[in-house]
Amino acid sequence: MTKQKKTICISAGIVLVLVISYLSLPYYARQALIHLMPVIDDLETFHRHVVHHDADSVWLWPQAEAYNQHQLSEKDAAYLDSLHTVSFLVVRRDSILFEDYRDGWNDTLTSNLYSATKTIVGLLVGIAFDEGKIHSLDDKASDYIPIYNKGMQADVTLRDLLTMSGGMAWDESYASLFSVTTHGYYGNDLYELVTGLEVKDRPGIQFSYRSGETQLLAFVLEAATGETLSRYAEEKLWKPMQAEKDAYWLLDKRDGDEKAFCCFHTTARDAARLGSLLLQQGKWRGKQLVSQRYMDEMLRPASYLKDQWGRDSLSYYGLQLWLIPYRGETIPCMRGMLGQYVYAIPSENAVVVRLGRKRCDVYDGPFTTDMTRYLDIAMHILHP
């Protein structure tokens, strides 16, 4: 055999081994290798449900008198660019004060909100509770999903899931090819995945951030309401909030289940409506969409739990919602893994939306340092 033929044979053998290895991987791992790391513009990557807006009742944010008069400092602009910000929006007193799109983005493009989506699920649970479709937040998850009853699964309540204290054996790892998070994001069997995971820690004791608990909560919500998550969100939030554009909820497969833990797509302007709902404690333009009693608990830390380190009382998480201490007040915040943030600033009667392709990986306690940096930039805009 000539040297050239030998090289060809070796190369063909390597390719064959790689193909066989690839085909032997589970579906979600193959998809992860194709698409690699998640991106904000993944709308065409997955099947999806449309969350329709009502074109006949759209309410557009008016522009404030000082709309876009603020000029970002070189330092603030450089910071936004350093983490590939695509949208930065500040709404004060129900008017857009500042609106900035970068990196080819605009006000019509939708971004995956990633884990900021969890707060939407939390709001929908509140609505179902208000309507009596969920009888109590202390109901067992198994009351709605009977197969979720193995071992300590039977002890998990809806309140445990809302506060991320359900004890589920979920590994919140984003970089591992074989993590359960990768499985959830790229897989096609969400229901089987989350209902099949054991509960390894005693529920209702300690906060531990687990995306699977939001996903299970979504299945409870669907069982309680008899509607898909997308349809319920459309009826109870998107149309009542007079959204400007359709939104999209990514699915695990065609006509499958919504990825409730990660994957709601919307524009910056419509994301600001969710922030306004938090700011106004469940009201949208004077109409109570989520009850005050539920919002009171959602916006209050679940202090009866231990924090993620098991040291102190939990001070920074309510019901599917982060609570950031900032300049002497508590700022409710929707938070996504690539730096998708929606803040409600009570003292300023303001909402801030930051969407982008990257977040800072430096932590100060439970929060990355970019989270307060964006609040600083917003304050420069609010108080030039």
Peer 1: Report yes or no: does S111 contribute a side-chain atom to a donor-acceptor pair with the main-chain N or O of L113 at less than 3.5 Å?
Peer 2: no
Peer 1: Roughly how far, to the nearest 0.5 Å, is CD of Q69 from CD1 of I381?
Peer 2: 13.0 Å
Peer 1: Report all side-chain donor-acceptor pairs from residues 187-196 shorter than 3.5 Å, counting only partners two or more places apart or in another chain.
Peer 2:
{"unit_1": "D189", "atom_1": "OD1", "unit_2": "H183", "atom_2": "NE2", "d": "2.8"}
{"unit_1": "D189", "atom_1": "OD2", "unit_2": "H183", "atom_2": "NE2", "d": "3.3"}
{"unit_1": "T195", "atom_1": "OG1", "unit_2": "Y191", "atom_2": "O", "d": "2.6"}

Peer 1: Would the number of heavy atoms belonging to other residues, nucleotides or ligands and lying under 6.0 Å from CZ of R254 be above 12?
Peer 2: no
Peer 1: Would you mind telling me which of Q215, Q320, E213 makes a side-chain contact (heavy atoms from CB on, under 4.5 Å) with K118?
Peer 2: Q320
Peer 1: Is any side-chain heavy atom of L162 closer than 4.5 Å to a side-chain heavy atom of M298?
Peer 2: no
Peer 1: Please answer whether the main-chain N or O of T266 pairs with a side-chain N or O of T110 as donor and acceptor at a distance below 3.5 Å.
Peer 2: no
Peer 1: Contact between L89 and R354 at the side-chain level, heavy atoms closer than 4.5 Å - yes or no?
Peer 2: no
Peer 1: With no hydrogens and no angle check, is any side-chain donor or acceptor of E258 less than 3.5 Å from a backbone partner on S230?
Peer 2: yes
Peer 1: As an exercise, state the distance from NE2 of H49 to NE2 of H265, rounded to the nearest 0.5 Å.
Peer 2: 15.0 Å
Peer 1: Would you check if the side chain of Q206 reaches a backbone N or O of Q308 as a donor-acceptor pair within less than 3.5 Å?
Peer 2: yes
Peer 1: Run the ring-ring contact (aromatic ring centres under 6.0 Å, His included) test on W284 and W59 for me, step by step, so that the C-alpha distance in whole Å, both residues' side-chain angles and the decisive distance to 0.1 Å come before the verdict.
Peer 2: CA-CA 11 Å; W284 172 254; W59 182 82; 5.6 Å; yes
Peer 1: Work out which heavy atom in C360 is nearest to a heavy atom in T369; give both atom names and the distance.
Peer 2: SG-OG1, 3.2 Å
Peer 1: State whether the number of non-hydrogen atoms from other residues, nucleotides or ligands found under 6.0 Å of D138 atom CG is greater than 12.
Peer 2: yes
Peer 1: Between T182 and S179, is there a side-chain donor-acceptor contact under 3.5 Å, judged purely by atom types and distance?
Peer 2: yes
Peer 1: Please determine whether the number of non-hydrogen atoms from other residues, nucleotides or ligands lying under 6.0 Å from atom NZ of K150 exceeds 12.
Peer 2: yes
Peer 1: One pair to check against salt bridge (charged side-chain N to carboxylate O under 4.0 Å, His left out): R159 and E297. What are the steps and the verdict?
Peer 2: CA-CA 10 Å; R159 194 183 305 276; E297 185 165 359; 2.2 Å; yes
Peer 1: Show your working on salt bridge (charged side-chain N to carboxylate O under 4.0 Å, His left out) between E198 and K200 and close with a plain yes or no.
Peer 2: CA-CA 6 Å; E198 68 175 336; K200 64 176 183 177; over 6 Å; no
Peer 1: Consider side-chain contact (heavy atoms from CB on, under 4.5 Å). Of V352, L83, V353, which one does Y374 pass it with?
Peer 2: L83
Peer 1: Please test M371 against Y341 for side chain to side chain contact (heavy atoms under 4.5 Å, CB included), starting from the C-alpha separation and ending with a verdict.
Peer 2: CA-CA 8 Å; M371 296 181 73; Y341 304 128; 3.5 Å; yes
Peer 1: Does NZ or CZ of R210 fall inside the cone over W170's six-membered ring, less than 6.0 Å from its centre and within 45° of the axis?
Peer 2: no
Peer 1: Quick one: which of Y185, W249, Y248 gives a ring-ring contact (aromatic ring centres under 6.0 Å, His included) with F46?
Peer 2: Y185
Peer 1: Any heavy-atom pair between the side chains of S115 and F264 that's under 4.5 Å?
Peer 2: no
Peer 1: Under the salt bridge (charged side-chain N to carboxylate O under 4.0 Å, His left out) rule, what do D270 and R273 come out as? Steps first, then yes or no, please.
Peer 2: CA-CA 5 Å; D270 279 341; R273 296 170 195 269; 2.6 Å; yes
Peer 1: Does this structure show an ion pair linking D370 with K358, if we count only N-O contacts that are shorter than 4.0 Å?
Peer 2: no
Peer 1: Would you mind checking if E235 and K239 are paired as a salt bridge, meaning a charged N to carboxylate O distance below 4.0 Å?
Peer 2: no
Peer 1: Test your reading of the model: is there a side-chain donor-acceptor pair from D246 to the backbone of H53, 3.5 Å cut-off?
Peer 2: yes
Peer 1: Would you check if the side chain of D307 reaches a backbone N or O of G310 as a donor-acceptor pair within less than 3.5 Å?
Peer 2: yes
Peer 1: For the residue pair D252 / H47, report whether a side-chain donor-acceptor contact shorter than 3.5 Å exists.
Peer 2: no
Peer 1: Is there a salt bridge (charged side-chain N to carboxylate O under 4.0 Å, His left out) between D255 and K253 once you walk through the steps?
Peer 2: CA-CA 6 Å; D255 299 322; K253 55 183 171 293; over 6 Å; no
Peer 1: Could you tell me if the side chain of R92 sits less than 4.5 Å from the side chain of V351, heavy atoms only?
Peer 2: no
Peer 1: Taking the cut-offs as 6.0 angstrom to the six-membered ring centre and 45 degrees off its axis, would you call R293 and F129 a cation-pi pair?
Peer 2: yes
Peer 1: Start with the C-alpha distance between R335 and T368, add both sets of side-chain angles, then the distance that settles side chain to side chain contact (heavy atoms under 4.5 Å, CB included), and finish with yes or no.
Peer 2: CA-CA 11 Å; R335 179 185 186 183; T368 51; 4.2 Å; yes
Peer 1: Can any side-chain N or O of D130 pair as donor or acceptor with the backbone N or O of S291 at less than 3.5 Å?
Peer 2: yes
Peer 1: Run the numbers on L216 and I145 for side chain to side chain contact (heavy atoms under 4.5 Å, CB included), then give the verdict.
Peer 2: CA-CA 9 Å; L216 184 66; I145 306 175; 3.7 Å; yes
Peer 1: When rounded to the nearest 0.5 angstrom, what distance separates CG in N112 from OG1 in T117?
Peer 2: 6.0 Å
Peer 1: For D376 and Y326, test the side chains for any donor-to-acceptor distance below 3.5 angstrom and give the result as yes or no.
Peer 2: yes
Peer 1: Looking at side-chain heavy atoms only, is the closest gap between D312 and K306 below 4.5 Å?
Peer 2: no
Peer 1: Please check this pair: side chain of Y79 against backbone of E74, looking for a donor-acceptor N/O pair closer than 3.5 Å.
Peer 2: no
Peer 1: Please report the interatomic distance CD(E222) to OG1(T228), rounded to the nearest 0.5 Å.
Peer 2: 6.0 Å
Peer 1: Determine, using the 4.5 Å side-chain heavy-atom cutoff (strictly less than), whether L109 and V39 are members of one ILVMFWY cluster.
Peer 2: no
Peer 1: Any side-chain heavy atom of F207 sitting closer than 4.5 Å to one from Y316?
Peer 2: yes
Peer 1: Between the main-chain N or O of A78 and the side-chain N or O of D81, is there a donor-acceptor pair closer than 3.5 Å?
Peer 2: no
Peer 1: Determine, using the 4.5 Å side-chain heavy-atom cutoff (strictly less than), whether L251 and F219 are members of one ILVMFWY cluster.
Peer 2: no
Peer 1: Should the pair R102 and F88 be classed as cation-pi, given the thresholds of under 6.0 Å to the six-membered ring centre and 45° from the axis?
Peer 2: no
Peer 1: Has the side chain of T181 got a donor or acceptor atom that lies under 3.5 Å from a matching backbone atom of D171?
Peer 2: yes
Peer 1: For the residue pair D296 and R300, establish whether any side-chain heavy-atom pair is separated by less than 4.5 Å.
Peer 2: yes
Peer 1: Same cluster for F367 and W309 if Ile/Leu/Val/Met/Phe/Trp/Tyr side chains link at under 4.5 Å?
Peer 2: yes
Peer 1: Count I, L, V, M, F, W, Y as connected when their side-chain heavy atoms are under 4.5 Å apart, and connections chain through other members. Are I147 and L158 then in the same cluster?
Peer 2: yes
Peer 1: Do the side chains of Y209 and Y304 join up, straight or via other hydrophobic residues, at under 4.5 Å, putting them in one cluster?
Peer 2: yes
Peer 1: For S208, check side-chain hydrogen bond (donor to acceptor under 3.5 Å, both in side chains) against everything at least two apart and list the hits.
Peer 2: none
Peer 1: What distance do E99 atom CD and Q63 atom CD have between them, rounded to the nearest 0.5 Å?
Peer 2: 7.5 Å
Peer 1: Quiz question: by atom type and distance under 3.5 Å, do the side chains of H84 and D103 form a donor-acceptor pair?
Peer 2: no
Peer 1: Do D94 and R285 sit within salt-bridge range, that is, some charged N less than 4.0 Å from a carboxylate O?
Peer 2: no
